[in-house]
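As structure tokens, the structure follows; a few thoughts come after it.
Throughout, a chain's letter reflects where its sequence line sits, starting with A, and its residues are numbered from 1.
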Amino acid sequence: MDKNFIVQAVRGMNDVLPAQIAGWQQLERVTRELFAAYGFEEMRVPLVEHTALFKRAIGEYTDIVEKEMYTFTDSGGDSLTLRPEGTAGVVRAAITNGLLRGARLKLWTSGPMFRHERPQKGRYRQFHQIDVEAIGFAGPDIDAELIALTARLWRTLGITRVKLKINSLGTIESRRVYREKLVTYFRQHEAALDADSLRRLEGNPLRILDSKNPDMQAVVSGAPLLTDHLDAESREHFDSLCAMLTGMGIEYVIDPRLVRGLDYYSRTVFEWVTDALGAQDAICSGGRYDGLIPQLGGDPTPAIGFAMGVERVVELLSQTGAPLAPAAPDVYVMASGERAQRTALALVERLRDDLPQVTLHVNLGSGNFKAQFRRADKSGAALALILGDAELERGVAALKPLRHEAGQTECPLEELAVRIPAILADLAEPNNAV
RNA sequence: GUGGACGUAGCUCAGCUGGUAGAGUCCCGGAUUGUGAUUCCGGCUGUCGCGGGUUCGAGUCCCGUCGUCCACCCCA
């Protein structure tokens, strides 16, 4: 085989193998239950939208829109884009399906997102997010509830190395005023800015505050703070949120330099970070986007949402050390001899009819008893069902517990549907364990 | 997009200053011709990421390329 002809996976787009799936399924199960408990309903939206939607929602001058989108022209001549984030599609769906009209929507969705970035740990070109959006809620109480939900999620999953950062960006108007002050300040200190920051000065000056360059610390720390330039209503909204978080016993730090990279955010923004994943430390973040819906053509409606990175949370989950072993079957069925092998499948199908709650794995293909026992052991099954020509002669099967000292017994074929659950129940008793 | 490290068997890795590859594990068979651990014996798998160059000779040196990882950047 010529390795040059082996089809490779696309860079940054990963397979999730059976050995890794347990963490994904656990996260999916826990979030599904939690969202239902908080009154959120699932919805599903397309992976592909018109390019214009993302340009208008995320912002023309963001990194995502400028250089990270998978955009193509379809055969009808439309410019389409693989979604780089989830909120725009959900909001578009709410508008085009007529779900607004003063409604209060609590929604969640999940699936793959696409950004053409250089892959590294926790950052892939196809990655997965779980998105939660609350549309039609103006007060700080929904902000607090969303954050409480995420805090509960970490607790439920056993994830501890996370920290909550919050901030308020103010209204779009107050942010514009602050932005001008900031630009004025940085212009006065242009000599001290690095190349990245000079570039941002035009497009997104707030991001300069986020700079990790140590040489920039002096300039950045002298910059006017967003928190000091909030309008009165945003100030009150933010103070209420802080009080509610404190009231719920949720720890947080106010980070006046926390700025989101998407233009649609206003007022509350928050981010859960961890020190366990390296440079890609944000596992869940979001904020309020009161101005987005009218900007996309809907009736003015306040809203807030967040997204969590599935790959990153799953990685944290696997680091917590909680064993996520693949499920072992209850029974491994082995057959040796021509007649037994012919009979085994039919026998097992009857057992599946009678015992739908019991998982049975059948040894497929050939293999001597030694090999079949090895496979049975590896499968993790509690019980081996052994069918040989000798047993068939007498109309019985042998049953051997694989994880306990209890010895091997024989059972008439017609009694298996009764005997197997009885033995499994017996083996499940903790004091019978080896 | 920028910088750095790395790429040898399915997996984890060894291979000193260039002399055409090795261990453990996994898998298969046997000791035990119908019984899973362990032990012992035997066996299978590699165009040393790919392409080019230097050399009598390259896993080893050089260049390019692809990929992974780390950081920048960005963000979930």
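Contact annotation for A:E391: base contact, defined as any heavy-atom pair under 4.0 Å involving a base atom. Nucleic acid contact class of A:A398 (heavy atoms, under 4.0 Å, all strands): none.
For the C1' atoms, the distance linking B:U8 with B:A21 amounts to 8 Å, nearest Å. B:G67 and B:C50 have their P atoms separated by 15 Å, given to the nearest Å. Distance noted for atom C1' between B:C63 and B:C26: 38 Å (whole Å). Rounded to whole Å, the P atom of B:G18 lies 48 Å from the corresponding atom of B:C75. The separation of B:A5 from B:A9, taken at their P atoms, amounts to 22 Å, rounded to a whole angstrom. B:G49 and B:C69: their C1' atoms are spaced 15 Å apart (whole Å). Atom name C1', nucleotides B:C44 and B:G10: the rounded distance is 12 Å, in whole Å. Rounded to the nearest Å, the gap between the P atom of B:A71 and that of B:G29 is 45 Å.
Checked for salt-bridge contact, A:D377 and A:R403 meet the test: a charged N lies under 4.0 Å from a carboxylate O. In summary, A:E42 and A:R44 engage in a salt bridge, as defined by a charged side-chain N under 4.0 Å from a carboxylate O.
By the salt bridge (charged side-chain N to carboxylate O under 4.0 Å, His left out) test, A:R419 is found to be paired with A:E415, residues two or more places apart in sequence or in another chain being considered.
Base-pairing analysis of RNA chain B finds the following stems of at least three consecutive Watson-Crick or G-U pairs, with both pairing distances under 3.5 Å: B:1-7 with B:66-72, B:10-13 with B:22-25, B:27-31 with B:39-43, B:49-53 with B:61-65.
Summarising the geometry, the separation between CZ on A:R403 and P on B:G36 is reported as 13 Å, rounded to the nearest angstrom. As rounded to whole Å, 14 Å separates atom C1' of B:U35 from atom CZ of A:R375.
Within the structure, salt bridge (Lys or Arg N to Asp or Glu O under 4.0 Å) contacts touching residues 54-65 of chain A (residues at least two apart or in different chains) are A:D63-A:K67. Sorted by first and then second residue, the salt bridge (Lys or Arg N to Asp or Glu O under 4.0 Å) pairs with a member in residues 281-291 of chain A read A:D143-A:R288, A:R288-A:D290; sequence neighbours excluded.
Aromatic ring pairs are classed by plane angle as parallel below 30°, tilted from 30° to 60° and perpendicular above 60°; the pair A:W272 and A:W154 is perpendicular. Between A:F306 and A:F270, the ring planes are perpendicular. Angles over 60° get that label, and only those under 30° would be called parallel.
Annotation: the span from A:T274 atom OG1 to A:Q280 atom CD amounts to 12.5 Å, rounded to 0.5 Å. Distance check, rounded to the nearest 0.5 Å: SG of A:C284 to CZ of A:R312 gives 11.5 Å.
A donor-acceptor contact under 3.5 Å links the side chain of A:K400 to the base of B:U35. Applying the 3.5 Å distance criterion, the base of B:U35 shares a donor-acceptor pair with the side chain of A:Q408.
Distance alone, capped at 3.5 Å, places no donor-acceptor pair between the A:S174 side chain and the A:G170 backbone. A side-chain donor-acceptor contact under 3.5 Å links A:K106 to the backbone of A:Y38. The backbone N or O of A:R92 lies less than 3.5 Å from a partner atom in the side chain of A:T96, making a donor-acceptor pair.
Proximity of A:R118 to the phosphate of B:A71: no side-chain N or O atom is located under 4.0 Å from OP1 or OP2. Taking only side-chain nitrogens and oxygens, A:R374 comes nearer than 4.0 Å to OP1 or OP2 of B:C28. For B:U32, neither phosphate oxygen OP1 nor OP2 lies less than 4.0 angstrom from any side-chain nitrogen or oxygen of A:N368.
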Under 3.5 Å, which N/O atoms of the protein pair with N/O atoms of nucleotides 73-76 of chain B?
residue	atom	partner	partner atom	Å
B:C73	O3'	A:R200	NH2	3.0
B:C73	N3	A:R123	NH1	2.6
B:C73	N4	A:R123	NH1	3.3
B:C73	N4	A:Q280	NE2	2.9
B:C74	OP1	A:R200	NE	2.5
B:C74	OP1	A:R200	NH2	2.2
B:C74	OP2	A:R200	NH2	2.6
B:C74	O2'	A:E68	OE2	3.3
B:C74	O2	A:E117	OE2	3.2
B:C74	O2	A:R123	NH1	3.1
B:C74	N3	A:Q280	OE1	3.3
B:C75	OP1	A:G261	O	3.3
B:C75	OP2	A:R207	NE	2.9
B:C75	OP2	A:R207	NH1	2.7
B:C75	OP2	A:R207	NH2	2.7
B:C75	O3'	A:R115	NH1	3.4
B:C75	O2'	A:R115	NH1	3.0
B:C75	O2	A:R312	NH1	2.9
B:C75	O2	A:R312	NH2	3.3
B:A76	OP2	A:R260	NH2	2.1
B:A76	O4'	A:Q129	NE2	2.7
B:A76	O3'	A:S285	N	3.2
B:A76	O3'	A:S285	OG	2.6
B:A76	O2'	A:A282	O	3.0
B:A76	O2'	A:I283	O	2.9
B:A76	O2'	A:C284	N	3.4
B:A76	O2'	A:G309	N	3.3
B:A76	N1	A:G122	O	3.3

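Aromatic rings of A:F40 and A:W108 (six-membered ring for Trp) have centroids beyond the 6.0 Å cut-off, not under it.
Here A:F369 lies parallel enough and close enough to stack on the base of B:G34, with planes under 30° and ring centres under 5.5 Å apart.
Contacts between residues 378-388 of chain A and RNA chain B, counted as heavy-atom distances below 4.0 Å, involve A:K378, A:I386.
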